[in-house]
Amino acid sequence: MAMASIRSNFLRAALRGASRNSVQPKRGFASSAHDDARETAKWEKITYAGIVTCSILAFYNLSKGHPHHEEPPAYPYLHIRNKEFPWGPDGLFEVKHH
């Protein structure tokens, strides 16, 4: 398998007219170094603009306050106690009126 690969490489080089010592051309990538710096600067500015925008929206939404609903009516059937609690006549977290 390795010999076939080597033979095919020599054959390709011979067909292209290249010599054995020829250096293969460097592969070109999609962007160059100055494009990367420009792209990085662009996304840095977009990030800072997004942070400022989100901060302003959060401040605006949190400063508006929220609606307060009125207390529901005290229905007498909601606090039915048929037997004493082991710790006393009132619940643990209820206001004691003694």
Side-chain angles (χ1 to χ4, degrees):
M1 179 87 170
M3 286 304 288
S5 172
I6 292 172
R7 264 188 262 136
S8 66
N9 286 339
F10 281 131
L11 185 63
R12 278 192 212 127
L15 289 175
R16 279 191 250 160
S19 66
R20 279 178 110 179
N21 298 343
S22 67
V23 178
Q24 289 202 346
K26 185 176 178 184
R27 180 177 172 210
F29 292 103
S31 64
S32 63
H34 69 279
D35 288 340
D36 290 341
R38 191 177 315 135
E39 192 74 14
T40 301
K42 176 182 83 171
W43 282 105
E44 185 178 8
K45 291 174 187 172
I46 290 172
T47 301
Y48 289 141
I51 290 171
V52 169
T53 303
C54 290
S55 299
I56 290 171
L57 286 173
F59 179 75
Y60 172 72
N61 285 333
L62 292 174
S63 66
K64 286 192 306 186
H66 58 276
H68 292 275
H69 303 287
E70 49 186 71
E71 290 291 323
Y75 295 112
Y77 57 82
L78 290 178
H79 291 285
I80 296 175
R81 304 288 187 246
N82 291 333
K83 69 179 188 179
E84 285 274 319
F85 289 114
W87 51 82
D90 294 318
L92 280 178
F93 303 107
E94 295 177 3
V95 179
K96 301 192 186 293
H97 299 288
H98 301 296

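Just the heavy atoms: all of them, side chains too, but no hydrogens, waters or symmetry mates, feed the values below.
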Inset, instruction - Kindly give the cluster partners of Trp43, where membership spreads through any ILVMFWY side chain lying under 4.5 Å from a current member. - result: Ile46
Legend entry - Selection residues 41-52 - residue pairs positive for salt bridge (Lys or Arg N to Asp or Glu O under 4.0 Å), sequence neighbours left out: Glu39-Lys42
Below 3.5 Å, can you tabulate the donor-acceptor pairs from side chains in residues 62-76 to any protein atom, sequence neighbours excluded?
from	atom 1	to	atom 2	distance (Å)
Ser63	OG	Phe59	O	3.0
Ser63	OG	Tyr60	O	3.0

